[in-house]
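Both ligands and their constituent atoms are indexed starting at 1 by order of listing. Heads up: numbering here begins at 1 and tracks the sequence.
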Amino acid sequence: MSLSKSATILIILLNSLSIEATLPDINVVKSQLKQSGTCCSSLGYFLPGKVHYNLLTDLGYQNSLLSYWSQQEQSIHPACIVIPTSSNDVSLAVYVLNTAYSMSMRECQFAIRSAGHTPQAGAANIDGGITIDLQSLDEVTVSSDYGVASIGTGNRWGNIYPTLDALNLAMIGGRVSDVGVGGLMTGGGVSFFSGRYGFACDNVLNYEVVLASGAIVNANSTSNPSLYRALKGGSNNLGIITRFDVRLFSQGPFWGGTLTQPITNKDAVISFIANFTNSATYDPSAALITNFAWDNGIPLIIHDIEYTKPQPYPPIFSPLFALPQIDNTMRIAPLSSFTTEIAASSGPTTDGRSNLFATLTSTPSEAFMSAFYSLVDATVTSLSHVTDLLFTLTYQPLPYTLYSKSGATGGNVLGLDRFSADFVNALAVVSWALPSDDAVVYAAVQQLFEDGEALAKSMGVWNEFVYLNYAAQWQKPVSGYGETNRAFLEEVSMEVDPGGLFQTQVPGGFKLATG
Ligand SMILES: Cc1cc2nc3c(=O)[nH]c(=O)nc-3n(C[C@H](O)[C@H](O)[C@H](O)COP(=O)(O)OP(=O)(O)OC[C@H]3O[C@@H](n4cnc5c(N)ncnc54)[C@H](O)[C@@H]3O)c2cc1C
Ligand SMILES: *[C@@H]1O[C@H](CO)[C@@H](O)[C@H](O)[C@H]1NC(C)=O
Ligand SMILES: *[C@@H]1O[C@H](CO)[C@@H](O)[C@H](O)[C@H]1NC(C)=O
């Protein structure tokens, strides 16, 4: 391969210096694209050994495809999968794809993926297009003063937390070890530590991001500050983030585990969640995920309970533990022990199957949570013919005291700063065995959420926030950020991506105009 005409160019952007990107001359790229006729073969020319084409014969392609969480994402076959091993590779790939776009080679649409845990087809994969699989960007570096960790976007939490645990450090990240960094951090990110520190995105000190031009830039509070704020919730709309520099804090082992209870506790549990989700009395160390889980029609209550201090049975959870229980795993352990525990309980029953998320936000109304539970129960009954259906309704507190922490670190684009109420996030996680049941499950769950939303509105407890990381394909989380934030995102997009590469050529995920 000849890159003899390549030059090291320093791109001046947004009045700040970009990081040096080694990119070939644009004419070399154009002539290569013309000569080869496809984006995949041109990418193969510029990134030899890093482009994978064939499902049947290429292990790189197979492993990448099989490492998606859902069957829906696994069943999509890109024309090629690019597996960059450095930010510079990502820069080169985007440069080639943007050049193809400028030549109207519109078949060169692409998808951006980190760990691939979004369930819906096409969020991080693309049929017949180019998928950029970032999983090899898996750096985990702790600064010498233990204040900052540099995290490659392709990591899963299970690759990060053991390193931090060994140093008695932690970061604000995901709660399940096999979930990915890239998607979670760009969509918000709820952590066991969010009561203390807010969303994961609010604790990013610096983003290293590849823009449409191929430029690699830092976005932080002093350099590209608008882009910095836009990336806190902006998902895949502005560029490809290659590295997150995140704030670390001291953290030893803490108390937590899962508590399993009979469904006969339902009313008391819902009453507990309503009372627990109160900023006036919220204990910032407490974290709760309450799952109502129907396994082939039979419901059970499973709570993931964490208290980020080494204090067993803190009073805040006493009313829950006073109820009848089937089992619990409460203990004092390091962070990675809890994230592994949740992965071990959810992974084997969902990995590679048809999966679906949908979500809504309400105030912590006991009456609504109870009524929505009944709607879910009726939906599960109506789907009893679906093979091996696992339906989980999850309630998670989203109190003002949690989401208002964003202000202290410069704010994000989630739009929650418009509000002052306490909220509860309702999430449906639905998993089933056969793709032939996909259509009937989608239809039922979409109807369920339309009914749930109408009910919440009629009870005066509905909120327009739709958590992007839990949103179904038909939901509109960017709209839920509010018009001011959407307009701000569009402004930043025009600045960093004037040609609209990430709006037009990256169709997956939630886009600014339609999401
Ligand atoms: C079992 C399970 C547990 C979960 N637990 C939590 C939790 O504790 N807290 C929480 O907040 N959420 C949680 N989630 C939701 C999770 O945040 C989302 O599914 C998230 O999208 C996963 O990130 P990923 O990197 O695996 O996703 P991917 O599917 O790879 O990507 C998701 C979206 O982000 C875009 N994207 C990915 N990487 C980049 C990048 N580097 N630059 C630009 N765009 C990018 C993709 O294009 C895609 O549209 C969980 C999900 C599952 C399935
Ligand atoms: C912000 O970006 C600038 C320019 O790249 C860089 O010099 C600086 O170290 C960054 N700040 C942080 C906190 O990473
Ligand atoms: C409600 O929460 C408060 C504060 O945590 C607690 O003192 C009280 O016992 C709770 N009431 C019920 C009925 O759970």
Side-chain angles (χ1 to χ4, degrees), residues 16-19 67-70 73 90 110-120 122-126 131-135 137 148 150 152-157 173-192 194 199-201 205-210 216-225 228 231 234-245 268 271-272 274-276 278 280-283 286-287 289 304 315-320 322 339 342-343 346-347 350-351 355 357 396 425 427 429 467-471 502 506 508-511:
S16 71
L17 289 181
S18 77
I19 295 153
S67 63
Y68 283 99
W69 179 49
S70 74
E73 280 286 67
V90 176
F110 61 104
I112 306 163
R113 85 162 275 193
S114 285
H117 255 76
T118 309
Q120 52 259 36
N125 200 0
I126 183 163
T131 293
I132 303 180
D133 176 348
L134 301 162
Q135 289 182 97
L137 303 183
V148 183
S150 293
T153 185
N155 275 294
R156 292 170 191 244
W157 302 105
R175 297 165 295 187
V176 184
S177 60
D178 53 7
V179 172
V181 168
L184 184 137
M185 300 281 277
T186 52
V190 182
S191 162
F192 297 137
S194 288
F199 291 106
C201 68
L205 299 170
N206 178 61
Y207 297 84
E208 182 190 77
V209 50
V210 173
I216 307 170
V217 302
N218 280 324
N220 55 56
S221 62
T222 54
S223 187
N224 302 321
Y228 175 58
L231 288 170
S235 195
N236 65 14
N237 285 293
L238 302 156
I240 300 184
I241 292 142
T242 46
R243 197 189 74 225
F244 300 85
D245 298 330
S271 162
F272 173 80
N275 187 45
F276 179 87
N278 178 353
T281 52
Y282 198 83
D283 184 331
I289 308 174
D304 300 307
I316 187 94
F317 290 116
S318 300
L320 263 192
T339 58
I342 302 180
S346 64
T350 57
D351 287 349
N355 291 308
F357 280 176
Q396 297 182 51
N425 174 284
L427 161 69
V429 181
Y467 183 37
L468 186 143
N469 283 339
Y470 291 167
F502 288 99
V506 182
F510 298 102
K511 311 314 292 185

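Among the atoms of W69, none of the N or O lies under 3.5 angstrom from an N or O of ligand 1. In terms of polar-atom proximity, defined here as any N/O pair under 3.5 Å, G116 does make such a contact with ligand 1. Geometrically, ligand 1 and I241 share a nitrogen or oxygen pair separated by less than 3.5 Å. Looking at ligand 1, you'll find an N or O of I112 within less than 3.5 Å of one of its N or O atoms. Ligand 2 has no nitrogen or oxygen under 3.5 angstrom from a nitrogen or oxygen of D245. At least one N/O-N/O distance between N469 and ligand 1 falls below 3.5 Å.
Ligand 1 lies out of reach of G188, whose nearest heavy atom is not under 4.0 Å from it. The shortest heavy-atom distance from A123 to ligand 1 is under 4.0 Å. Not close to ligand 1: Y68, with no non-hydrogen atom less than 4.0 angstrom away.
Proximity of the aromatic rings of W69 and F357 is defined here by a centroid distance below 6.0 angstrom, and this criterion is met.
Taking a cut-off of under 4.0 Å to the non-hydrogen atoms of Y467, the atoms of ligand 1 that pass are 10 (C), 11 (O). Here is the list of ligand 2 atoms found below 4.0 Å of a heavy atom in N220: 1 (C), 2 (O), 3 (C), 8 (C), 10 (C), 11 (N), 12 (C), 14 (O). Residue-ligand proximity, A115 to ligand 1, at heavy-atom distances under 4.0 Å covers atoms 24 (P), 25 (O), 26 (O), 30 (O). Of all the atoms in ligand 1, the ones that sit under 4.0 Å from a non-hydrogen atom of V176 are 3 (C), 5 (N). Residue G180 approaches ligand 1 through these ligand atoms, each under 4.0 Å from one of its heavy atoms: 23 (O), 24 (P), 25 (O), 26 (O). With ligand atoms numbered from 1 in the order given, ligand 1 contributes 51 (C), 52 (C), 53 (C) to contacts under 4.0 Å with heavy atoms of F357. Set against the non-hydrogen atoms of G182, the atoms of ligand 1 under 4.0 Å away are 25 (O), 37 (C), 38 (N). Below 4.0 Å from some heavy atom of G239 lie the following atoms of ligand 1, by number and element: 42 (N), 43 (C). Of all atoms in ligand 1, numbered sequentially from 1 with element shown, those under 4.0 Å from a heavy atom of V190 are 7 (C), 8 (O), 9 (N), 10 (C), 11 (O).
Side-chain contact between R156 and S67 is present, with heavy atoms from C-beta onward closer than 4.5 Å. Q396 places none of its side-chain heavy atoms less than 4.5 Å from the side chain of Y467. No side-chain heavy atom of Y207 sits less than 4.5 Å from a side-chain heavy atom of L238.
D133 places no side-chain N or O within donor-acceptor distance of the main-chain N or O of R113, the cut-off being under 3.5 Å. Between the side chain of E73 and the backbone N or O of G122, at least one donor-acceptor pair lies under 3.5 Å.
Considering only residues two or more places apart in sequence or on other chains, R175 meets the salt bridge (Lys or Arg N to Asp or Glu O under 4.0 Å) condition with none of them. Every side chain to side chain donor-acceptor pair (under 3.5 Å) that T222 has, sequence neighbours left out, goes to N220. Residues passing the salt bridge (Lys or Arg N to Asp or Glu O under 4.0 Å) test with D245 are R243, sequence neighbours excluded.
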Per-pair distances, ligand 3 N/O vs protein N/O, less than 3.5 Å:
unit_1: ligand 3; atom_1: 2 (O); unit_2: N275; atom_2: OD1; d: 3.3
unit_1: ligand 3; atom_1: 2 (O); unit_2: N275; atom_2: ND2; d: 2.3
unit_1: ligand 3; atom_1: 11 (N); unit_2: N275; atom_2: ND2; d: 2.8
unit_1: ligand 3; atom_1: 14 (O); unit_2: N275; atom_2: ND2; d: 3.2

